[in-house]
Participant: 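The structure's right below; bear with me while I get my questions together.
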Protein chains: 2
Amino acid sequence: MRDTSHDLGADLQSAVARIYSRFRSERSEGELGDAAVGVLIALAKNGALTLTELSERARVTTGSMSQTVNRLVTGGYVDRARDPADGRRMLIETTPAGAEVAAEARAHRVSWLNARLAELTPAERATLAEASALIRRIADS
Amino acid sequence: MRDTSHDLGADLQSAVARIYSRFRSERSEGELGDAAVGVLIALAKNGALTLTELSERARVTTGSMSQTVNRLVTGGYVDRARDPADGRRMLIETTPAGAEVAAEARAHRVSWLNARLAELTPAERATLAEASALIRRIADS
DNA sequence: CTGCTTAGTTATACTTCGCAACTGTGCGTG
DNA sequence: CACGCACAGTTGCGAAGTATAACTAAGCAG
């Protein structure tokens, strides 16, 4: 079977793809899409950000992000405002409604996962905590 | 703010989302989309599968999978054939061209990741190997 | 003012997905 | 056998997300 040193890259890639697909399928109806929720969470955590900052965080083009922000503005979740210091920039900020949705979405997003994690041993959770840090380091490298 | 032991679920979810987005941006072969490549790889690994089997593996509806298979058929990467044992079923199988694309995609898909993993310590790789198994277990639970 | 750069928007196209309506096949029951 | 139900797929429609490319607008030299 799976010797862990055999092909860790393929193994990790497939495990990540698998659980990511599970995340998507656990997402409740009516909820905003993945990209939109990601923007709301980023704004809730960091305050107002420019379009370019948002697009860099999500690793998408500014064109794509502009459309995602359009959907959020239409839904009343965020506001656009010109940066007073640089008229080319737009500062995007959550509305109160958007901040609330961000908090709910974030809680719901991980509720299924937290239930699974609660079934693991402390040692297993520690392994996953270490792995999370490693994965994030790799992703941001 | 960022106590990993406090909210492991959110931490793991965000790490997975982040590296998954990195996977997407590292993939160069723009020819086929993610879902289509996933189907080719599944078929290359398992031989012919029915539409329902494919849709369950990818956790999508049969309608979505049917369209993905349509695109692959149009591109000449897979063939459809009725199951002789059950006329309702379709057996989907890679063409030689599809098998080749699957092998290339599979290798390319993890080449970036393997390069990163090579920079880690053996202990870190062991942590990720354990975590992969745990993540897969959670995803399939 | 002219020209270049940066920030963002809009238009178009493509992939993926779910939902719903539909066809066609298999199978059991009266 | 005929009818009806269950199962396997297909198709059409709409939504989200993405990239590319062409465009506007603002800042910044010179």
Side-chain angles (χ1 to χ4, degrees), chain A residues 17 20-40 42 48-75 77-93 101 105, chain B residues 17 20-40 42 48-75 77-93 101 105:
Chain A
Y20 190 79
S21 127
R22 187 66 187 261
F23 286 164
R24 265 191 320 224
S25 69
E26 291 293 333
R27 171 178 97 190
S28 72
E29 307 272 333
E31 208 174 89
L32 289 169
D34 240 13
V37 171
V39 167
L40 282 183
L49 294 172
T50 66
L51 189 80
T52 298
E53 284 168 337
L54 283 173
S55 66
E56 281 168 355
R57 278 165 191 268
R59 298 183 201 281
V60 297
T61 61
T62 57
S64 301
M65 185 52 72
S66 187
Q67 292 170 68
T68 297
V69 170
N70 277 342
R71 282 190 293 273
L72 286 168
V73 169
T74 302
Y77 301 109
V78 304
D79 281 327
R80 272 194 177 95
R82 294 219 98 88
D83 185 341
D86 185 339
R88 295 168 302 179
R89 288 189 175 138
M90 296 298 299
L91 289 172
I92 293 116
E93 200 169 11
V101 169
Chain B
Y20 190 81
S21 126
R22 187 64 185 261
F23 286 164
R24 262 192 324 230
S25 68
E26 288 294 333
R27 115 191 151 204
S28 72
E29 310 249 348
E31 270 195 33
L32 290 170
D34 232 15
V37 170
V39 167
L40 283 182
L49 295 172
T50 66
L51 189 79
T52 298
E53 284 169 338
L54 283 173
S55 66
E56 281 169 355
R57 279 165 191 267
R59 297 181 202 282
V60 297
T61 61
T62 57
S64 301
M65 186 51 72
S66 187
Q67 293 171 63
T68 298
V69 170
N70 276 343
R71 282 188 293 276
L72 286 168
V73 170
T74 302
Y77 300 109
V78 305
D79 281 328
R80 268 195 180 97
R82 293 220 97 89
D83 185 340
D86 187 337
R88 294 169 301 181
R89 289 189 175 139
M90 297 297 300
L91 289 172
I92 294 114
E93 202 169 10
V101 169

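Proteins come first, then strands; the chains are lettered A, B, ... in the order of their sequence lines, and each starts at number 1. Here the structure is a predicted model, which is why all the values come from computation and not from measurement.
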Participant: Select base, sugar-phosphate, or nothing to describe what A:Gly33 touches, counting heavy atoms under 4.0 Å on all strands.
Facilitator: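 Result for A:Gly33 = sugar-phosphate.
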Participant: In this structure, how many angstroms lie between the P atom of C:dG28 and the CZ atom of B:Arg88, rounded?
Facilitator: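 Answer to the nearest Å: 10 Å.
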Participant: Is A:Gly87 touching bases, backbone alone, or none of the nucleic acid, heavy atoms closer than 4.0 Å?
Facilitator: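 Result for A:Gly87 = sugar-phosphate.
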Participant: Strictly below 4.0 Å: does A:Arg80 bring a side-chain N or O up to OP1 or OP2 of C:dT9?
Facilitator: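 Yes.
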Participant: Would you tell me if any nitrogen or oxygen in the side chain of B:Arg24 comes within less than 4.0 Å of OP1 or OP2 on D:dT18?
Facilitator: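 Yes, because at least one side-chain N or O of B:Arg24 sits under 4.0 Å from OP1 or OP2 of D:dT18.
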Participant: Could you state the interatomic distance from OG1 (B:Thr50) to CD1 (B:Ile92), rounded to the nearest 0.5 Å?
Facilitator: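 It is 6.5 Å, given to the nearest 0.5 Å.
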Participant: Can a side chain N or O of A:Ser66 be found less than 4.0 Å away from OP1 or OP2 on C:dG8?
Facilitator: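 Checking A:Ser66 against C:dG8: no side-chain N or O falls below 4.0 Å of OP1 or OP2.
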Participant: Is the shortest side-chain N/O distance from B:Thr62 to OP1 or OP2 of D:dA8 below 4.0 Å?
Facilitator: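 It does not, given that no N or O in the side chain of B:Thr62 lies less than 4.0 Å from OP1 or OP2 of D:dA8.
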Participant: Please test A:Arg71 against A:Thr74 for side-chain hydrogen bond (donor to acceptor under 3.5 Å, both in side chains), starting from the C-alpha separation and ending with a verdict.
Facilitator: CA-CA 5 Å; A:Arg71 282 190 293 273; A:Thr74 302; over 6 Å; no
Participant: Rounded to whole Å, how long is the line connecting atom CG of A:Leu51 with atom P of D:dA25?
Facilitator: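 It is 17 Å, rounded to the nearest whole Å.
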Participant: When we call it a touch if two heavy atoms are under 4.0 Å apart, what does B:Thr52 touch: a base, just sugar-phosphate, or nothing?
Facilitator: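 Here B:Thr52 touches the backbone only, sparing every base.
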Participant: How many whole angstroms separate atom CZ of A:Arg59 from atom P of D:dG17?
Facilitator: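 Rounding to the nearest Å, CZ of A:Arg59 and P of D:dG17 are 18 Å apart.
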Participant: Which heavy atom of B:Val73 sits nearest a heavy atom of B:Arg80, and at what distance?
Facilitator: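 Heavy atoms only, the tightest pair is CG2-NH1, 3.8 Å.
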Participant: Starting from the 5' end of DNA chain C, give me the residue, A:Ser64 or A:Asp86, whose nearest nucleotide shows up first.
Facilitator: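 The answer here is A:Asp86.
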Participant: Rounding to an integer number of Å, can you tell me how far A:Leu32 CG sits from C:dG18 P?
Facilitator: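 Taking atom P of C:dG18 as the reference, CG of A:Leu32 is at 17 Å.
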Participant: When you compare the side chain of A:Leu32 with that of A:Tyr77, does any pair of heavy atoms fall below 4.5 Å?
Facilitator: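 Side-chain contact under 4.5 Å: yes.
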Participant: Check the distance between D:dT18's C1' and B:Tyr20's OH and give it to me in whole angstrom.
Facilitator: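 Atom-to-atom, B:Tyr20 to D:dT18, this comes out as 13 Å.
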Participant: Check the distance between C:dT5's P and A:Arg89's CZ and give it to me in whole angstrom.
Facilitator: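 Going from A:Arg89 (CZ) to C:dT5 (P), I get 18 Å.
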Participant: Across the strands shown, which category fits A:Asp83 at heavy-atom distances under 4.0 angstrom: base, sugar-phosphate, nothing?
Facilitator: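 Nothing, no nucleic acid heavy atom in range.
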Participant: With nearest nucleotide decided by heavy atoms, which residue, A:Val37 or A:Gly63, maps closer to the 5′ end of DNA chain D?
Facilitator: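 In this pair, the answer is A:Val37.
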Participant: May I have the distance from B:Gln67 (atom CD) to C:dC22 (atom P), rounded to whole angstrom?
Facilitator: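 Taking CD of B:Gln67 and P of C:dC22, I get 17 Å after rounding.
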Participant: Side chains of B:Arg82 and B:Arg89: does their closest heavy-atom pair fall under 4.5 Å?
Facilitator: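 When only atoms from C-beta onward are counted, B:Arg89 and B:Arg82 do not touch, as no gap falls below 4.5 Å.
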Participant: Within the structure, does a side-chain N or O atom of A:Asn70 lie under 4.0 Å from either OP1 or OP2 of C:dT9?
Facilitator: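 False: A:Asn70 side-chain N/O out of range (4.0 Å or more) of C:dT9 OP1/OP2.
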Participant: I need the CG-P distance between A:Asp34 and D:dG17, as an integer number of Å.
Facilitator: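 Interatomic distance, CG of A:Asp34 to P of D:dG17: 7 Å.
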Participant: How would you label the contact of B:Arg82 with the nucleic acid (heavy atoms, under 4.0 Å): base, sugar-phosphate, or nothing?
Facilitator: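 B:Arg82: no heavy atom of the nucleic acid under 4.0 Å.
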